[in-house]
Amino acid sequence: AAKAVSSGTVRVFEAPLLERAQARLELESHLRGAVARSELVVEYQPILDLRTGEVASMEALVRWHHPAWGVVPPDRFIPAAESTGTIVGIGEWVLRRACYDAVSVNRDRVRPLSVTVNVSVRQAQDAGFAQTVQRALTDSGLPPGRLVLEVTESLVMDSSPTAAATIAELQRLGVRLSIDDFGAGHSSLARVRALPVRELKIDGELVRQLSDAASSRPIVTAIIAMGRALDLAVIAEGVEEEDQLDALRELGCDMVQGYLLARPAPLAAIARDRRLPPLAVLDVEGTAIQRL
Ligand code: C2E
Ligand code: MG
Ligand code: MG
Ligand code: MG
């Protein structure tokens, strides 16, 4: 606690507040050069398609390896990056990294997988965002249909002309949009239906509550039914327990992601996952022969 100061008890609360503000400023100033200093790394978590048993995509999750503080998880710095605007540069770096990594992991794969990238509302509201996406696709050579952009419910509910133009442009590019953390916020069904969204990702908290006494099962059932009615793929994230996986299978959930299946890990670790689509066998000319 702060030391008492002579001018009155109210000031007792000022020092911790000030410390927090200073810590935040320090974090923000360190973060500004993090991309240039190569301190950011991307890990990937596989998304398993329950219908095929194969990894359908991998979600890019950024980590900050600070030289003194160690690994800083995204929940600790993404909010600061959003409020200062550094998220625009960080997000572009993650997007490009993810596209190049997806191309490399797909080399010679019989059925290529997709890569899933989180987009914060601040990035999507930036007028140059669609162009940034286009450039990342062109430069890396990743087909647009292999890129899934996860947007949040706040973007879904943003009816500003900039957000609408960005979403329309992304649709024209042919990238897939997914709504992250679905069920945690307050998207209206009408908005979801009106948007060119291809998937819904059930919030991990709802998935965890499948095991609780007061089960979230009715809500998860409703989301999966809604996904089916609107022709959207439904993905459950945060799957940690067998009984959650069993319930999701039973309810007809399309895809799952969570510690039970795999933790986020560097690309090299993902590339060894036996559930990835098989590699093609090459003939002497180097032409891929489909593996039977
Ligand atoms: P998210 O997009 O909802 O990602 C899912 C989070 O749940 C990840 O946390 C992941 O590591 C974690 N997770 C996966 N499986 C399990 C599980 O079985 N149990 C539990 N308890 N957690 C699980 P992470 O990597 O710490 O990321 C947190 C959030 O930070 C992400 O939530 C996303 O909103 C944001 N984020 C991460 N990378 C980026 C990025 O490149 N750009 C932006 N804008 N946001 C990002
Ligand atoms: Mg996500
Ligand atoms: Mg999520
Ligand atoms: Mg989340």
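As the structure lists them, so they are numbered: ligands from 1, and atoms in each ligand from 1.
Each of the following atoms of ligand 1 lies closer than 4.0 Å to a heavy atom of Gln123: 44 (N). Near Gln45, the atoms of ligand 1 lying under 4.0 angstrom from a non-hydrogen atom of the residue are 14 (C), 15 (N). Of all atoms in ligand 1, numbered sequentially from 1 with element shown, those under 4.0 Å from a heavy atom of Val239 are 18 (O). Less than 4.0 angstrom separates some heavy atom of Val62 from each of these atoms of ligand 1: 38 (N), 39 (C), 40 (C), 41 (O). Counting the atoms of ligand 1 from 1 in the order shown, those under 4.0 Å from a heavy atom of Ser120 are 44 (N). Heavy-atom proximity to Pro264, at under 4.0 Å, picks out these atoms of ligand 1: 11 (O). Each of the atoms 28 (C), 29 (C), 30 (O) of ligand 1 lies under 4.0 Å from some heavy atom of Asp75. Below 4.0 Å from some heavy atom of Glu59 lie the following atoms of ligand 1, by number and element: 2 (O), 4 (O).
With respect to the Mg ion (ligand 3), Asp181 has OD1 as its nearest N, O or S atom. Take the N/O/S atoms of Glu59: the one nearest the Mg ion (ligand 2) is OE2. Closest approach between the Mg ion (ligand 3) and any N/O/S atom of Asp180 involves OD1. Summary: OE2 is the N/O/S atom of Glu237 found nearest to the Mg ion (ligand 3).
Using a cutoff of 4.0 Å between basic side-chain nitrogens and carboxylate oxygens, Arg135 and Glu92 are scored as salt-bridged. A salt bridge does not link Arg32 with Glu28: none of the charged nitrogens is closer than 4.0 Å to a carboxylate oxygen.
If you run salt bridge (Lys or Arg N to Asp or Glu O under 4.0 Å) between Glu150 and each of Lys201, Arg198, Arg176, only Lys201 comes through.
Checking Glu199 against Ser178 by side-chain atom types alone, a donor-acceptor pair falls below 3.5 Å. For the residue pair Gln125 and Thr162, no side-chain donor N or O sits within less than 3.5 Å of a side-chain acceptor on the partner.
The environment of CZ in Arg76 is sparse: at most 12 heavy-atom neighbours from other residues, nucleotides or ligands sit within 6.0 Å.
With rounding to the nearest 0.5 Å, the separation of CG in Asp181 from CD in Glu153 is 7.5 Å. Remark: Leu173 CG to Thr138 OG1 distance equals 8.5 Å, nearest 0.5 Å.
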Take Glu241 and Arg208 through the side chain to side chain contact (heavy atoms under 4.5 Å, CB included) test and state the conclusion after the steps. CA-CA 8 Å; Glu241 314 279 349; Arg208 269 185 290 284; over 6 Å; no

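Among Val207, Val94, Leu40, the residue whose heavy atom lies closest to atom 41 (O) of ligand 1 is Val94. Nearest to atom 18 (O) of ligand 1 by heavy atom, out of Tyr259, Phe77, Trp93, is Tyr259. In the candidate list Pro73, Ala98, Pro74, Pro74 is nearest to atom 27 (O) of ligand 1, counting heavy atoms.
In summary, Glu150 places no N/O/S atom under 2.8 Å from the Mg ion (ligand 3), failing the contact criterion. For Asn118, the nearest N, O or S atom to the Mg ion (ligand 2) falls under 2.8 Å. Backbone or side-chain N, O or S atoms of Asp203 do not reach the Mg ion (ligand 3) at under 2.8 Å.
With contacts defined as side-chain heavy-atom distances shorter than 4.5 Å, the pair Asp101/Val115 does not qualify.
Here's the thing with Glu82: none of its N/O atoms is less than 3.5 angstrom from an N/O atom of ligand 1.
For Leu260, no heavy-atom contact with ligand 1 is shorter than 4.0 Å. At a heavy-atom cutoff of 4.0 Å, ligand 1 is contacted by the side chain of Arg208 but not by its backbone.
Taking each heavy atom of Leu251 and Ile224 in turn, the nearest pair found is O-CG2, 3.3 Å. What you find for Ala60 and Asn118 is that their closest heavy atoms are O-ND2, 3.4 Å.
For Gly204, the heavy-atom gap to ligand 1 stays at 4.0 angstrom or more.
Residues Trp64 and His30 keep their aromatic ring centres 6.0 Å or farther apart.
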